Each structure stands twice: as structure tokens, then as C-alpha cells.
Number of protein chains: 2
Amino acid sequence: MKYSVMVEYALHSLVYLIDVPEEDSIGIKKLAEFQGLSETYLSKVFGKLAKAGIVSSVPGVKGGYRLQKNPKDISFWDVIQAIEGHKPIFQCKNIRENFAYRRDKTCDSCDVHSICTINKVMLEAEQQMRDYLSSKTLAWLNEDLKDHLPSERIEAAKAFFT
Amino acid sequence: MKYSVMVEYALHSLVYLIDVPEEDSIGIKKLAEFQGLSETYLSKVFGKLAKAGIVSSVPGVKGGYRLQKNPKDISFWDVIQAIEGHKPIFQCKNIRENFAYRRDKTCDSCDVHSICTINKVMLEAEQQMRDYLSSKTLAWLNEDLKDHLPSERIEAAKAFFT
DNA sequence: TAATCGTCGATTAAATTAATCCATGATTAA
DNA sequence: TTAATCATGGATTAATTTAATCGACGATTA
């Protein structure tokens, strides 16, 4: 169980869009080149981000992508959900409901449709993770990077994209 | 990103081992039959559980598996880790270290090997989930099932395995 | 000694993820 | 108006992971 590389590509790429002015945008080509990623694959990633309303696209030459919301309103979880969809990390196939006793005989009380406890626990566990990821926003990330990354590096990125 | 069905098979199967007396054991064949699962595949699951010290095996005819620890000392997380191994849910390939500026020119301050913030956040998020899953044990699960499952059903299982 | 059961490795099948290719339509600059 | 640039989307291929089966082996019991 692992998140796809798309999530990594998305989160890393979005960092470069944070400080881009409203009317400006950055193209896939530059984002891919700067990070050493596949251009076509990264475009798939941004397709998903756009569909989720995280970024908006500018078509045509000199076009590209920009954030569609305020960075403080875009959480890690938003990004993950945009990429991975809404399916839970654990999906009980309800093997519990298919046990031998039930197959053989008839069992009225077996028809009670209670939620599988195991499934419930897994879903609650995911909720813990989700809450944490929802609390971390792109705005927060940007601040953290400003503090921990050499300024030379931040400047280099800024220079590359302008 | 989803947990494998092995995790589901493991958790569901372990329930039936909780109340088994010390000197007794239940075989793969019965566990598989009762739940309608593949016998050979379930044996792979128990191979992992045995290697992790969660269950112990009894070879030979009339053999099978039993819990190796007290149910209160076996958590959901223990089981998941036994099955899925120890790899984190997110492994940053550090594409941040691979950006264009660095490949072209040399940048001393870029050699500082700070941990990628994005990676750190993801790992902390996983930790939240892990903490929750570590707090739920098989003993707890057993109690919960006793409360929420029709007794007819619990008896049916017990009868099947004895 | 034969049947039963766990163990292990190899193999196959199915499903998912990663990545590429190509055709299309919007936009800008020459 | 035309050519180049860019996002968009579908189809396709390749690689990786997961699911499942098969067969051989050793331990155990009746």
C-alpha cells in the first residue's frame, strides 16, 4: 500500500505555483524540465488537479497552469484526493457475510446487516490520517520551505520560471 | 492506494483463533472453507503471520495455527505490518534534489541534505494512522464482536471449528 | 506406511500504475 | 492568416504489484 508517484509529482509541482501572480501561469514543459520529469505524464497529473478545481489552465501559447484557490485553502489531502480519487484505503469484501454456516443452512439473525467492525476500524484509522493531511496546506508548506531551504535555491527556482 | 486483500483475510481469520485453547489449533483448510477463501492463498497469509510471530504453527496431521501472543498484545497495526512489510506509504524520490538548476550549474548550498518537507508530512500523517491502529487489539475486537454480532452466528463459528 | 498439514519456491494470471503517442482545439505572435 | 505553442483527452504499451495456483518437501499422527 503506497501512494502513487503522481501524488509526489503533484505536491512538488504545486510548490512552484504558489507565488505565481494571478494573471500569470507556468507551463507543463517548464515544470517537467525543471524537475526532470516526464512532460506527458505530468500533464496527466495536472489534468486531475484541474478537474478537482485546484489549478486552472490557460490554453494556447504562453499558457499553462496557476492555482485556482488561495494556497491556504489547498491541503495535502485535497491534492491526494484529486489524484487518487475517493476510494477508501480498505474495502471489506464482506467475507464475513459469506461464511459456511450461512451457505449451508438458513440463519435469520445473519441477515442483520451490521457494519463489519474490522472495516470500521480501518476507516477510522484512515480518518486520522486524513485529518492530519487536511491540516497541512500549501501556504503552510511554502512558509516551511522558506525557513528550511537555502534561499539561493528558492531564488534559483523563481528565476527559472520567470 | 489500498491495503491488499491479504490484510482483510488475515484480520478476519485471526478472529477465529482468539478463543482457541493453548494446546489446540485450527487448520488452513477449515479457515478457508468457512470463509469461502482460497486455501493456498490463505496459507501464504499465515506464512507471513507466522514469520512475524503473531501465530505459531503446528505441523503434521491435526496441525494448524494458533495465536502466539495474548490477543491484547496483537494490534491491527501488527497484523498489517506482518502482511505489508515495513515500507512507508509514501516514499519521496527526492525529485526536489533533481531540479534543473542543480544539473546545470553547481550550487553548494543545495548539497545540504535536509529532509524533504513533503515527505516528512506524509510520514507524520501515516504515523497518525499507525497510532490509531496500534491502539486496537484483537482482544478489543473480540469484545466488540461479542456485543454487536448475533450470538447464533458466534456459536455457529465456534461449532464449526471444534 | 499412508494420509494430512504447514512451508517454500516457482509460476501464472489479473489488476493497477507509469509512461508514451497521437489527434484536437485554443491562443498568441509573426 | 498561418505557424508555433500549449492544454486536453483517448488509446495504447510497458512495468510493477497483487492475487492465486501448482508442486515438491518435511513433520506428524493414526
Side-chain angles (χ1 to χ4, degrees), chain A residues 1-10 12-13 17 20 23-33 35-68 80 82-85 87 89-91 93 95 161, chain B residues 1-10 13 17 23-33 35-68 80 82-85 87 89-91 93 95 161:
Chain A
M1 127 120 165
K2 238 176 68 187
Y3 278 118
S4 67
V5 291
M6 271 201 176
V7 173
E8 182 183 356
Y9 293 174
H12 273 94
S13 298
L17 298 187
V20 171
E23 65 283 356
D24 221 342
S25 67
I26 300 182
I28 291 291
K29 198 172 182 177
K30 298 209 94 180
L31 283 169
E33 186 194 347
Q35 300 177 100
L37 302 178
S38 150
E39 203 175 310
T40 50
Y41 195 57
L42 190 58
S43 76
K44 296 290 177 191
V45 173
F46 271 83
K48 283 168 184 269
L49 293 175
K51 186 171 284 180
I54 291 174
V55 299
S56 57
S57 64
V58 181
V61 61
K62 287 284 173 189
Y65 290 94
R66 69 170 69 106
L67 294 186
Q68 205 175 359
I80 290 172
I83 301 295
E84 303 257 330
K87 41 191 173 167
I89 61 167
F90 190 85
Q91 204 138 12
K93 288 185 184 156
I95 62 178
F161 289 116
Chain B
M1 126 121 168
K2 236 176 68 187
Y3 278 117
S4 67
V5 291
M6 271 201 178
V7 172
E8 182 183 356
Y9 293 175
S13 298
L17 298 188
E23 65 283 356
D24 222 341
S25 68
I26 301 182
I28 291 289
K29 198 171 181 177
K30 296 209 95 179
L31 283 168
E33 186 194 348
Q35 301 177 101
L37 302 178
S38 150
E39 203 176 312
T40 52
Y41 194 57
L42 190 59
S43 76
K44 297 288 179 193
V45 173
F46 271 84
K48 284 168 183 267
L49 293 176
K51 185 173 285 179
I54 291 173
V55 299
S56 57
S57 64
V58 181
V61 59
K62 287 285 172 188
Y65 290 95
R66 69 170 70 106
L67 295 187
Q68 203 175 0
I80 291 171
I83 302 294
E84 303 257 330
K87 38 189 177 171
I89 61 167
F90 188 85
Q91 203 138 13
K93 287 184 186 158
I95 61 177
F161 289 116

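Everything numeric here is computed off the predicted structure, so don't read it as measured data. Lettering follows sequence order; numbering is per chain, from 1. Note: hydrogens, waters and symmetry copies are ignored here, and every other heavy atom, side chains too, is used.
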B/S/- contact track for nucleotides 17-22 of chain C, protein heavy atom under 4.0 Å: SBBB--
Atom-to-atom span, NZ of A:Lys29 to P of D:dA7 - whole angstrom: 10 Å
Main-chain N/O of A:Asp24 paired with A:Arg66 side-chain donor or acceptor, under 3.5 Å: yes
Nearest-Å distance for atom pair CG/P, residues B:Leu31 and C:dC5: 12 Å
For atom CG of A:Asp24 and atom P of C:dT28, their distance in whole Å: 13 Å
Value in whole Å for how far the C1' atom of C:dG6 lies from OH of B:Tyr65: 5 Å
For the student: nearest non-hydrogen atoms of A:Glu84 and B:Met1, plus distance: OE1-N, 2.8 Å
Chi angles and distances behind the side chain to side chain contact (heavy atoms under 4.5 Å, CB included) call for A:Tyr9, A:Ser4: CA-CA 9 Å; A:Tyr9 293 174; A:Ser4 67; over 6 Å; no
Sugar-phosphate, base or nothing in reach of B:Gly47, heavy atoms under 4.0 Å: nothing
Euclidean distance, atom CG of residue B:Leu37 to atom P of D:dT21 [Å, nearest integer]: 10 Å
Interatomic distance where CD belongs to B:Gln91 and C1' belongs to D:dT17 [whole Å]: 15 Å
Residue whose nearest DNA chain C nucleotide is more 5′ - A:Pro59 or B:Val61: B:Val61
Nearest non-hydrogen partners of B:Leu49 and B:Ala82, listed with the distance: CD2-CB, 4.1 Å
Chi angles and distances behind the side chain to side chain contact (heavy atoms under 4.5 Å, CB included) call for B:Tyr41, B:Val5: CA-CA 11 Å; B:Tyr41 194 57; B:Val5 291; 4.1 Å; yes
Least distance between heavy atoms, A:Phe90 atom then B:Lys2 atom: N-CG, 4.4 Å
Nearest-Å distance for atom pair NZ/C1', residues A:Lys62 and D:dA7: 16 Å
Distance, rounded to the nearest Å, where A:Leu49 contributes CG and D:dG9 contributes C1': 16 Å
